[in-house]
Amino acid sequence: MADSPCERTLTEQLELLNRGEISSEDLTRATLDRVQKSDAAIRSYLRVSEATALLAAREADARRARGEKAALLGVPVAVKDIFLTQGVETTCSSRILEGYVPPYDAHAVSRLKAAGAVILGKLNMDEFAMGSSTETSAFQLTRNPWNLDYIPGGSSGGSASAVAARQCAASLGTDTGGSIRQPAALCGVVGMKPTYGRVSRYGVMAFASSLDQVGPLTRTVEDCARVLGVIAGRDPRDSTSSERAVPDYLASIGKRVKGFKLGVPKEYFIPGMDREVKAAVEAVVSVYERMGVSCNPVSLPHTEYAVATYYIIAPAEASSNLARYDGVRYGKRAQDAKTLHEVYEKSRSQGFGREVTRRMMLGTYVLSAGYYDAYYRKAQKVRTLILRDFEAAFEKVDAILTPVSPTPAFKIGEKTDDPLAMYLSDIFTIPTNLAGLPGISVPCGFSSGGLPIGFQLIGKAFDEATLLQLGHAYQGETDWHCRAPNG
Amino acid sequence: MSVSEADVKKIAHLARLSLAPEDTARYTEELNRILGYVETLKRLNTDAVPPTTELVEPSPWRADEAHLSDASLKEAVFQAAPDAEGGAFLVPQVIGGE
């Protein structure tokens, strides 16, 4: 398998294509073949669009033959099933949207297509992105390619497992509380949540609108820079998308990192976190110090309140966003409903799984009359304190270095009966979403059981370039990202 | 603060969800565990702290203009609906009847 072109990184695949050593059609066929052979076990994909992928590949070959240049011309990618794809069923891994075929593409999907990427299919996820293990998908369990008894992380679990298993060169995910970075860490790939407002959410099913952001999952930081450059930028159809110019991320990544200052917050090394994770992240500090990057203690004192804050704000916003799934305009309607009220209640109760139901009830409760001030308003105030922690730290350092997840991947079924334990697995990723800051997860080792471990770099708002530069420099000194799961 | 089974039934109604009787007890217990955990926020005095209402930078303003989509998109929207006819979504009768 080592000589298969899908073993190559996205950047290497582009080089092969540009040198004419392979056609996009052959590369796409090789990747589809890899999916066919490996996905019966891993189950990253909900749907593979073989015919349209091959059409797009031939179109990419024709564009290249005409001398056209585009950032991802002919490279096979895949997207989380939260992104609307014109003419291709999109379910958000929920029964309530079974059979829904969107009439248009999400902004990020149309940017990928315009850049010449070949979209292979739709990737499994937690239902409506609510979960940390991809186990709340209504349709299938996705398994960690490094050990099939373990979860891939979530909610973008299929996006991470597909990249790890070489079933696509890159994927898109979404991150509301860690849903790109945590599965990336648990599957041994790179995942970035850009700054709030950096990538348009148009055509992405909304979960918590003040937290949601779109980002890439890739094998290397360089690949991540390439994909981010394609999807970032102003889109008038998402009013929160920023008008700031998108820098040339590839131009910054080769530069030396000597003299940069990293902050290491003591609040992210908590009692009870996995010993091997702690050791692996501490070893990252040594790698940076050897490159002339200083690592300094910083304090983010309100970190311990982030999960509680998140579990008020996110369900509250979700309960409002998911009110639209009512059996009237899209998806499935309960067949036995006789009144309009029954259409709503029965379609929703039959269509939503337990985790989504629980969060909508929680969100409805915290927003209900008499409780708004005690919960939602209180949480938005604590959010301000969490933001101020980061502002103070960034007066002293260029980026913050932390673990991504307190443990490596856990076993399938291990946390499904304990929602709170599942929520706490996002303790190191949630603060970044609350503050709207960019974060990147980069592989930095393996547990003794052979499961991947990642570290996180958190940056200043709109300073993705520094994170990519630092992440790329780390990958130049290490080879964790070059390892592949068996099979 | 904690919720009773009666509260949970009321919340479910507000969220337009119907719960099986055996699920009500389970959701009550789960919601109370989560609400118990978020109580930790009470330890913080936030009297003088403003709530976060805008992240990173203010959203840019734009003119409130209508953009017409092409007719084929309209067709596709209704095709994706569970029940539609003549450019309208169909639902059971709301007013009148029995």
Max heavy-atom pairs within cutoff under 4.5 Å with chain B, candidates A/G331, A/P236, A/A379, goes to A/G331

Nearest heavy-atom approach of A/E304 to B/Y37 is O-OH, 4.3 Å

One option among B/D83, B/T52, B/V38, B/L19 has the most heavy-atom pairs under 4.5 Å with chain A, and it is B/T52

When the 4.5 angstrom heavy-atom criterion is applied to A/L387 and chain B, the contacting part is side chain

Turns out that what part of B/D47 lies under 4.5 Å from chain A's heavy atoms comes down to backbone

Ranking A/D326, A/L420, A/L437, A/V382 by heavy-atom pairs under 4.5 Å to chain B gives rank one to A/L420

Residues 7-17 of chain B vs chain A, non-hydrogen distance cutoff under 4.5 Å, contacting residues -> B/V8, B/I11, B/A12, B/H13, B/L14, B/A15, B/R16, B/L17

Could you tell me if the side chain of A/T384 sits less than 4.5 Å from the side chain of B/T46, heavy atoms only?
no

query = Would one find more than 12 heavy atoms of other residues, nucleotides or ligands at under 6.0 Å from atom CD of B/E54?
reply = yes

Cut-off 4.5 Å, heavy atoms of chain B, and the answer for A/T240 is both

The interface call for B/L35 against chain A, heavy-atom contacts under 4.5 Å, is side chain

Bottom line for A/A374: the part with an atom under 4.5 Å from chain B's heavy atoms is side chain

Go through the steps for B/R33 and A/D418 under the test side-chain contact (heavy atoms from CB on, under 4.5 Å), then give the verdict. CA-CA 10 Å; B/R33 279 198 63 208; A/D418 188 351; 3.0 Å; yes

Count the heavy atoms belonging to other residues, nucleotides or ligands that lie under 6.0 Å from CD of B/E22, then report whether that count exceeds 12. yes

Whatever's closer than 4.5 Å to a heavy atom in chain A on B/V91 counts as both

Okay, A/Y310 and chain B: the region with an atom under 4.5 Å from a heavy atom over there is neither

If one checks every heavy atom of A/S241 against chain B at 4.5 Å, the contacting part turns out to be backbone

Smallest heavy-atom separation, A/L434 atom then B/L55 atom, equals O-CD2, 3.5 Å

Most heavy-atom pairs under 4.5 Å with chain B, out of A/Q350, A/Q86, A/R244, belong to A/R244

Whatever's closer than 4.5 Å to a heavy atom in chain B on A/Y371 counts as side chain

Bottom line for A/R234: the part with an atom under 4.5 Å from chain B's heavy atoms is side chain

Turns out that what part of A/V328 lies under 4.5 Å from chain B's heavy atoms comes down to both

Whatever's closer than 4.5 Å to a heavy atom in chain B on A/L97 counts as neither

- Side-chain contact, heavy-atom cut-off 4.5 Å: A/M361 with B/E30? no

Checked A/E342, A/K378, A/R377, A/E345 vs chain B; the most non-hydrogen pairs under 4.5 Å come from A/E345

Could you tell me whether the side chain of A/K381 reaches within less than 4.5 Å of the side chain of B/L41, counting heavy atoms only? no

Looking at side-chain heavy atoms only, is the closest gap between B/E57 and A/T195 below 4.5 Å? no

Quiz item: So, do B/V56 and A/R198 sit near enough that their side-chain heavy atoms are less than 4.5 Å apart?
Solution: no

Contacts of A/E127 meeting side chain to side chain donor-acceptor pair (under 3.5 Å) (sequence neighbours excluded), chain-then-number -> A/S94

Among A/T357, A/V343, A/V101, the residue with the most heavy-atom pairs under 4.5 Å to chain B is A/T357

Applying a strict 4.5 Å limit to non-hydrogen atoms, the region of A/P102 in contact with chain B is neither

Test item: B/I34 and A/L362 side chains (from C-beta on) under 4.5 Å apart, heavy atoms: yes

Among A/Y423, A/Y375, A/Y376, the residue with the most heavy-atom pairs under 4.5 Å to chain B is A/Y375

Most heavy-atom pairs under 4.5 Å with chain A, out of B/A81, B/P58, B/P82, belong to B/P82

Hits for side chain to side chain donor-acceptor pair (under 3.5 Å) against B/S18, two or more places apart or cross-chain, chain-then-number order -> A/S349

Can you confirm whether A/Y305 sits close enough to B/L44 that some side-chain heavy atom of one is under 4.5 Å from a side-chain heavy atom of the other?
yes

Filtered by a 4.5 Å non-hydrogen cutoff, the part of residues 67-78 of chain B contacting chain A is B/L73, B/A76, B/V77

